[in-house]
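Only one structure is covered here, and it is reproduced in the block below.
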Amino acid sequence: MKNDKKLPKGLSGVSGEYFVAAELSRRGYIAAITSKNTKDYDLLVSNFEDSSESEKTLRIQVKTNQGSRKSWLLSKKCEDIRSESTFYVFVNLNGLEIPDYYIVPSNIVAEQITESHKKWVKEPGRNNKEHKDTSMRMFNDEEELYLNRWDLLDL
C-alpha cells in the first residue's frame, strides 16, 4: 500500500486495536481484543501476576487516526465514561511509519470533551452564526501530554 492511500475506516480502527494489543504484549502484559459488540471498550489488559493480590485488569478504548493530527473524534456518550479502570489509547497510524500512542485516563477524556464542547457551543461559528449542538466531541492533545504515557496504566 502506498503512503498516500487511505485505509477504509473500519480497517484503520481494527489496525489501531491490534497495534495497541501488540504494544501492550511487547511490554509484558496480557492484552485481549474484545468482540465488536462489547460496550465502551476494545481491549482488556492485565498484568497477570502469580499473586492474585497484585493482579490488575483494565479496560481500554482505542481511537485511531490514519495520519498524525493530535485530535480524535468521540461521541457524547464518552462524557459519561469515568472509571479508574478505563483508559483511552489514541493512536496515530502516521501512514506507514511507526504509530504514536496517547494514553489517557477516561475521567480526563470525559472532563476535557465536556468542557471543550460547552465552550464550542457558546462561541459563534462562521459568519457569527451559533453552533448547533451535536453528539460529536473532540479530544485534543496538541501539547502531547499523554504521548507514550504507558506509565499511567499503572500495571
Side-chain angles (χ1 to χ4, degrees), residues 1-49 55-121 131 133-155:
M1 184 176 86
K2 294 181 182 177
N3 259 346
D4 58 349
K5 188 175 180 183
K6 291 195 97 172
L7 293 171
K9 184 180 178 185
L11 196 53
S12 66
V14 167
S15 65
E17 292 172 16
Y18 279 105
F19 271 114
V20 173
E23 183 62 26
L24 288 163
S25 296
R26 189 179 77 85
R27 292 169 179 273
Y29 306 116
I30 297 171
I33 295 175
T34 62
S35 65
K36 290 296 160 207
N37 62 352
T38 304
K39 185 180 177 187
D40 299 334
Y41 57 96
D42 300 308
L43 298 168
L44 287 173
V45 61
S46 176
N47 64 345
F48 187 70
E49 299 282 337
E55 187 176 321
K56 186 175 181 182
T57 300
L58 300 174
R59 296 180 297 266
I60 295 184
Q61 174 71 294
V62 178
K63 297 294 181 185
T64 306
N65 284 335
Q66 292 190 46
S68 59
R69 73 179 189 275
K70 296 169 184 73
S71 59
W72 294 265
L73 197 58
L74 302 170
S75 67
K76 181 180 179 173
K77 73 177 184 172
C78 295
E79 291 181 348
D80 298 325
I81 301 172
R82 299 169 188 254
S83 168
E84 289 183 15
S85 61
T86 303
F87 287 79
Y88 287 82
V89 178
F90 297 101
V91 180
N92 281 339
L93 293 178
N94 297 323
L96 293 177
E97 302 300 317
I98 296 171
D100 291 325
Y101 305 99
Y102 297 77
I103 298 84
V104 190
S106 61
N107 60 332
I108 291 173
V109 171
E111 186 65 29
Q112 189 202 86
I113 65 174
T114 300
E115 293 307 312
S116 66
H117 185 73
K118 285 179 186 176
K119 182 179 175 184
W120 179 81
V121 169
H131 284 127
D133 199 3
T134 175
S135 64
M136 302 314 295
R137 305 292 187 261
M138 187 69 72
F139 178 80
N140 295 291
D141 189 15
E142 294 297 328
E143 296 175 1
E144 298 185 339
L145 299 173
Y146 300 100
L147 179 61
N148 292 320
R149 291 297 311 274
W150 298 102
D151 60 295
L152 294 175
L153 298 177
D154 193 30
L155 284 171

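Owing to the predicted nature of the structure, the values given are computational and were not obtained by experimental measurement.
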F139 vs K63, side chain to side chain contact (heavy atoms under 4.5 Å, CB included): CA-CA, chis, key distance, verdict
CA-CA 10 Å; F139 178 80; K63 297 294 181 185; over 6 Å; no
Test: R82 and E111 ion pair at under 4.0 Å
yes
Using a 4.5 Å cut-off on heavy atoms from C-beta on, say whether the side chain of D141 contacts that of V104.
no
Applied to residues 10-33, the ring-ring contact (aromatic ring centres under 6.0 Å, His included) test, sequence neighbours excluded, yields none
Please list, one pair per line, the donor and acceptor atoms closer than 3.5 Å that link side chains of residues 71-79 to other protein atoms, with sequence neighbours excluded.
residue : atom : partner : partner atom : Å
W72     : NE1  : V91     : O            : 3.3
E79     : OE2  : R137    : NE           : 2.7

How many angstroms lie between OG1 in T34 and CD1 in I60, if you round to the nearest 0.5 Å?
11.0 Å
Quick one: does V109's side chain get under 4.5 Å of I81's, heavy atoms only?
no
Note: R69-E142 ion pair, threshold 4.0 Å (strictly below):
no
Could you state the interatomic distance from CG (N140) to CD1 (I113), rounded to the nearest 0.5 Å?
11.0 Å
Would you say the ring centroid of Y101 lies under 6.0 angstrom from that of F90?
no
Check step by step if side chain to side chain contact (heavy atoms under 4.5 Å, CB included) holds for M138 and S116.
CA-CA 8 Å; M138 187 69 72; S116 66; 5.7 Å; no
K119 and E115 ion-paired at < 4.0 Å
no
Any side-chain heavy atom of D42 within less than 4.5 Å of one from I33?
no
Got more than 12 heavy atoms from elsewhere within 6.0 Å of CG, L145?
yes
Walk me through it: do K70 and D100 pass the test salt bridge (Lys or Arg N to Asp or Glu O under 4.0 Å)?
CA-CA 10 Å; K70 296 169 184 73; D100 291 325; over 6 Å; no
Would you check if N92 and P99 make a side-chain contact, meaning some heavy-atom pair closer than 4.5 Å?
no
Measuring from atom OG of S46 to atom CG of L155, what distance do you get when rounded to the nearest 0.5 angstrom?
7.5 Å
A quick test of your reading: do over 12 heavy atoms of other residues, nucleotides or ligands sit less than 6.0 Å from NZ of K36?
yes
Do S106 side-chain atoms and F87 backbone N/O form a donor-acceptor pair below 3.5 Å?
no
Measure the NE2-NE2 distance between H117 and H131 for me, rounded to the nearest 0.5 Å.
10.0 Å
The test is side chain to side chain contact (heavy atoms under 4.5 Å, CB included); show your working for L58 and T86 and say whether it passes.
CA-CA 6 Å; L58 300 174; T86 303; over 6 Å; no
Indicate the atoms forming the closest heavy-atom contact of A21 with A31, along with that distance.
O-CB, 3.8 Å
Working for side chain to side chain contact (heavy atoms under 4.5 Å, CB included), residues V45 and T57:
CA-CA 6 Å; V45 61; T57 300; over 6 Å; no
Quick one: NZ on K56 to CG on N47, what's the gap to the nearest 0.5 Å?
8.0 Å
Measure the spacing between OG of S15 and CD of Q66 and express it to the nearest 0.5 Å.
7.5 Å
Below 4.5 Å, heavy atoms only, C-beta onward: do N65 and N94 meet side chain to side chain?
no
Looking only at side chains, do S85 and R59 share a donor and an acceptor under 3.5 Å apart?
yes
What closest approach, in Å, do L152 and P105 show between heavy atoms, and which atom pair accounts for it?
CD1-CD, 4.1 Å
Side-chain contact, heavy-atom cut-off 4.5 Å: E23 with V20?
no
